[in-house]
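Everything numeric here is computed off the predicted structure, so don't read it as measured data. The analysis underlying the following values was restricted to heavy atoms, covering all of them including side chains, and did not include hydrogens, waters or symmetry mates.
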Amino acid sequence: MSQPSKPLIQLQPSGLQFEQVPGLSILQSGLAKSIRLPNSCRNGTCRTCMCKLFTGEIHYQIEWPGLTREEKAEGWILPCVAEARTDLVLEVPDALDLKS
């Protein structure tokens, strides 16, 4: 029996991509693959990591992250407290490949 594939997270405009690590946030999954997304608090309150979700579905690890209803409706997410449920395309202009 084959293992289910892990959601693939693609970052625009850089084209960087990495797989969601089960149990980790999107931010932590990126760091595990040497890709840094902007961050500070890592608990959903400072909004430093806030980015736009173009496609895909996420699940938050906390009950109510630091976003307004309007921001959530517009597609903004906090990757420090979110996990990918499906493949994602995110707009993260300041993402860095720590290997280069």
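- Heavy-atom minimum distance, L31 versus R36: CD2-CA, 4.0 Å.
- Proximity of L27 to R42: side-chain heavy atoms (C-beta onward) are separated by under 4.5 Å at one or more points.
- Using a 4.5 Å heavy-atom cutoff, the side chains of L90 and C51 are in contact.
- The distance from the CD atom of E83 to the NE2 atom of H59 is 6.5 Å, given to the nearest 0.5 Å.
- The side-chain contact (heavy atoms from CB on, under 4.5 Å) search around T55 returns V89, not counting sequence neighbours.
- Residues satisfying the side chain to side chain donor-acceptor pair (under 3.5 Å) test with R47, not counting sequence neighbours, are E71.
- Annotation for P93 and P13: closest pair CA-CD, 3.7 Å, computed over non-hydrogen atoms.
- Taking S29 as the reference, F18, Q20, V21, L24 meet the side-chain contact (heavy atoms from CB on, under 4.5 Å) condition, with sequence neighbours excluded.
- Using a 4.5 Å heavy-atom cutoff, the side chains of S25 and Q61 are in contact.
- Considering only residues two or more places apart in sequence or on other chains, L16 meets the side-chain contact (heavy atoms from CB on, under 4.5 Å) condition with L11, S14, I35, A95, D97.
- Going from atom CG of L37 over to atom OG1 of T48 covers 12.0 Å, rounded to the nearest 0.5 Å.
- For the pair C80 and N39, the minimum side-chain heavy-atom distance is 4.5 Å or more.
- Contact detail for C49 and P38: the closest heavy-atom pair is CB-O, 3.1 Å.
- Side-chain N or O atoms of S34 include none that pairs as donor or acceptor with a backbone N or O of K99 at under 3.5 Å.
- Residues meeting the side-chain contact (heavy atoms from CB on, under 4.5 Å) test with Y60, sequence neighbours left out: I58, P65, L67, K72, I77, L78, V81, A82.
- Considering only residues two or more places apart in sequence or on other chains, E19 meets the salt bridge (charged side-chain N to carboxylate O under 4.0 Å, His left out) condition with none of them.
- Linking ILVMFWY residues whenever their side-chain heavy atoms come closer than 4.5 Å, directly or via other members, leaves L8 and V92 in distinct clusters.
- With K33 contributing its side chain and Q17 its backbone, the two residues share no donor-acceptor pair below 3.5 Å.
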